[in-house]
Protein chains: 2
Amino acid sequence: MTTPADAADEHLVFREYLDAVGLQGLASAEAAGLHTSEWYALSLITREGSLSSGELASRTGLTTGATTRLIDRLEQAGYARRAADPNDRRRVIVEPVPDALDRIEEVVGPARRHIAEILARYTSEQRALLFDYFRHAAPAFRAATEEIRTTTSSPGGKKTTRARSSR
Amino acid sequence: MTTPADAADEHLVFREYLDAVGLQGLASAEAAGLHTSEWYALSLITREGSLSSGELASRTGLTTGATTRLIDRLEQAGYARRAADPNDRRRVIVEPVPDALDRIEEVVGPARRHIAEILARYTSEQRALLFDYFRHAAPAFRAATEEIRTTTSSPGGKKTTRARSSR
DNA sequence: AAAGTTATCTGCATGCATGCAGATACTGCG
DNA sequence: CGCAGTATCTGCATGCATGCAGATAACTTT
């Protein structure tokens with residue numbers, strides 16, 4: 001039965017929470033040597049298992065050229081690797097390097113430890129509820145991310161540096 | 001009574017949650033036209049109320065020169081403004097522009113809406129618990145951020161472009 | 001009031017992600 | 001087999017955040 005004052009408070013609390021988590025993510029990414037595009041791409045190929053270069057381009061919203069360089073960086077950093085598509089030798093399949101995810105786990109370590117301390121003060125039932133929230137919130141955040149990205153980026157359509165059919 | 005299997009599951013769930021939230025933050029920042037340093041700086045001055053240019057430099061880990069440009073960008077984007085320090089006319093005090101925070105609220109809107117849907121499915125008591133978590137987790141994430149930043153950045157000490165006293 | 005110290009700003013250079021356009025390699029259809 | 005379409009890569013150019021070092025202004029001490 002939240003009173004209006006509580007509602008405003010909840011608003012602020014959530015705002016600060018988002019800010020803090022986002023900042024932590026940013027710091028982790030920086031520590032891992034990952035920029036926005038790289039993190040996004042790595043998250044994509046990790047969740048999908050693997051993606052072709054072109055698919056990665058359209059999902060990230062980058063041109064195919066920029067995506068090639070993006071894959072170069074991910075590969076050089078050891079987070080991903082190129083593989084050949086047996087059915088179509090033009091295509092390049094990008095997949096995450098398993099060990100690399102452990103390296104990311106390292107940079108996320110501080111956050112995990114600090115949060116573990118917080119979680120330790122709750123009962124098992126309460127923890128279960130929190131993890132239930134985490135489980136449901138993750139897709140919600142991903143949906144929000146997509147919404148933001150599609151709203152922001154020009155809907156005109158990506159230049160994909162395709163062979164110019166005109167002429 | 002979490003079984004080992006559950007523990008591993010919790011690990012993964014939390015990992016995905018962090019990834020999703022971080023990505024959302026990244027997308028929001030991009031939509032707001034804020035880069036890492038800018039977001040961090042804006043978060044700092046918002047929480048502190050105001051900060052001098054030099055303090056901002058040391059807190060962000062940037063040189064004073066880079067901080068000047070950082071403030072330029074924040075000011076031009078309308079997120080912050082410069083104010084004079086009445087006690088020391090050399091100093092520049094940076095403070096957030098109140099209205100600007102509303103603009104950030106906009107880009108965070110999608111996340112807030114999606115999460116609101118999730119939260120709506122819990123009881124008041126459960127929501128209270130979740131917000132209790134948010135309240136405690138925010139400082140924990142900030143601590144983790146500091147830990148990551150200080151661990152990563154070279155501990156040698158920042159070049160602050162100060163008058164080189166040494167010779 | 002002169003000298004030294006401190007706070008911020010500015011010019012220059014660098015590194016880097018990205019877009020664009022052409023190049024290359026491969027597929028599939030006729 | 002040849003040709004059109006497709007997937008990825010590469011060279012060039014651009015924009016931008018940052019570091020570095022000097023410049024400027026203001027405070028502090030004696």
Side-chain angles (χ1 to χ4, degrees), chain A residues 26 29-30 33-42 50-77 80-94 153-154 156-167, chain B residues 26 29-30 33-42 50-77 80-94 153-154 156-167:
Chain A
L26 235 33
E30 202 170 326
L34 292 174
H35 286 233
T36 304
S37 315
E38 287 134 19
W39 186 11
Y40 190 63
L42 188 55
S50 73
L51 241 52
S52 76
S53 176
E55 286 170 326
L56 201 51
S58 61
R59 295 287 290 267
T60 57
L62 295 175
T63 60
T64 57
T67 302
T68 295
R69 306 283 162 69
L70 168 66
I71 299 171
D72 287 346
R73 295 194 299 275
L74 280 178
E75 200 166 34
Q76 190 166 6
R81 66 180 165 217
R82 285 178 163 90
D85 183 331
N87 300 328
D88 187 340
R89 279 157 52 209
R90 291 169 305 179
R91 306 184 86 195
V92 164
I93 291 186
V94 189
S153 64
S154 53
K158 284 286 97 187
K159 306 299 174 52
T160 179
T161 309
R162 63 163 55 86
R164 43 201 310 102
S165 49
S166 64
R167 163 120 19 172
Chain B
L26 234 35
E30 202 170 327
L34 292 174
H35 286 233
T36 305
S37 317
E38 286 136 18
W39 187 11
Y40 190 63
L42 189 55
S50 72
L51 241 53
S52 76
S53 176
E55 288 171 325
L56 201 51
S58 61
R59 296 285 290 268
T60 56
L62 296 175
T63 60
T64 57
T67 302
T68 295
R69 307 283 164 69
L70 168 66
I71 299 172
D72 288 345
R73 294 194 298 275
L74 280 179
E75 200 166 33
Q76 190 166 7
R81 64 181 166 216
R82 284 177 162 91
D85 183 333
N87 298 328
D88 188 339
R89 280 157 51 210
R90 291 170 305 179
R91 307 184 85 193
V92 164
I93 292 187
V94 188
S153 64
S154 53
K158 285 285 95 188
K159 304 298 173 52
T160 178
T161 311
R162 64 160 56 86
R164 42 203 311 104
S165 50
S166 64
R167 179 86 25 167

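All chains are named by letter (A, B, ...) in the order of the sequence lines, taking the proteins before the strands, and each is independently numbered beginning at 1.
Per the geometry, CG belonging to Leu70(B) stands 14 Å off C1' belonging to dG19(D), to the nearest Å. Spacing between atom CD of Gln76(A) and atom C1' of dC9(D) amounts to 16 Å, rounded to whole angstrom units.
How far CD of Glu55(B) is from OG of Ser50(B): 8.0 Å, rounded to the nearest 0.5 Å. Taking CG from Asp85(B) and OG from Ser52(B), the interatomic distance works out to 8.0 Å, rounded to the nearest 0.5 Å. With values rounded to the nearest 0.5 angstrom, Leu51(B) atom CG is found 9.0 Å from Arg91(B) atom CZ. In this structure, Thr63(B) OG1 and Leu70(B) CG are separated by 10.0 Å, a value rounded to the nearest 0.5 Å.
Glu30(A) and Thr36(B) make their closest contact through OE1-CG2, 3.5 Å (heavy atoms, listed as atom of the first residue, atom of the second, distance). The shortest non-hydrogen separation linking Asp88(B) to Arg90(B) is OD2-NH2, 2.8 Å.
Phosphate proximity of dA7(D) to Ser53(A): absent, as no side-chain N or O sits under 4.0 Å from OP1 or OP2.
Judged purely by atom type and a 3.5 angstrom limit, Gln76(B) has no side-chain atom pairing as donor or acceptor with the backbone of Arg73(B).
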Pairs: protein N or O with nucleotides 27-30 of chain C N or O, under 3.5 Å:
from: dT27(C); atom 1: OP1; to: Arg89(A); atom 2: N; distance (Å): 3.3

Could you run down the sub-3.5 Å N/O contacts of the protein with nucleotides 10-17 of chain C?
from: dG11(C); atom 1: N7; to: Arg69(B); atom 2: NH2; distance (Å): 2.9
from: dG11(C); atom 1: O6; to: Arg69(B); atom 2: NH2; distance (Å): 3.1

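Toward the 5' end of DNA chain D, the nearer of the two residues Thr67(B) and Val92(A), judged by each one's closest nucleotide, is Val92(A).
Side chains of Glu38(A) and Thr60(A) form no contact here, defined as non-hydrogen atoms less than 4.5 Å apart.
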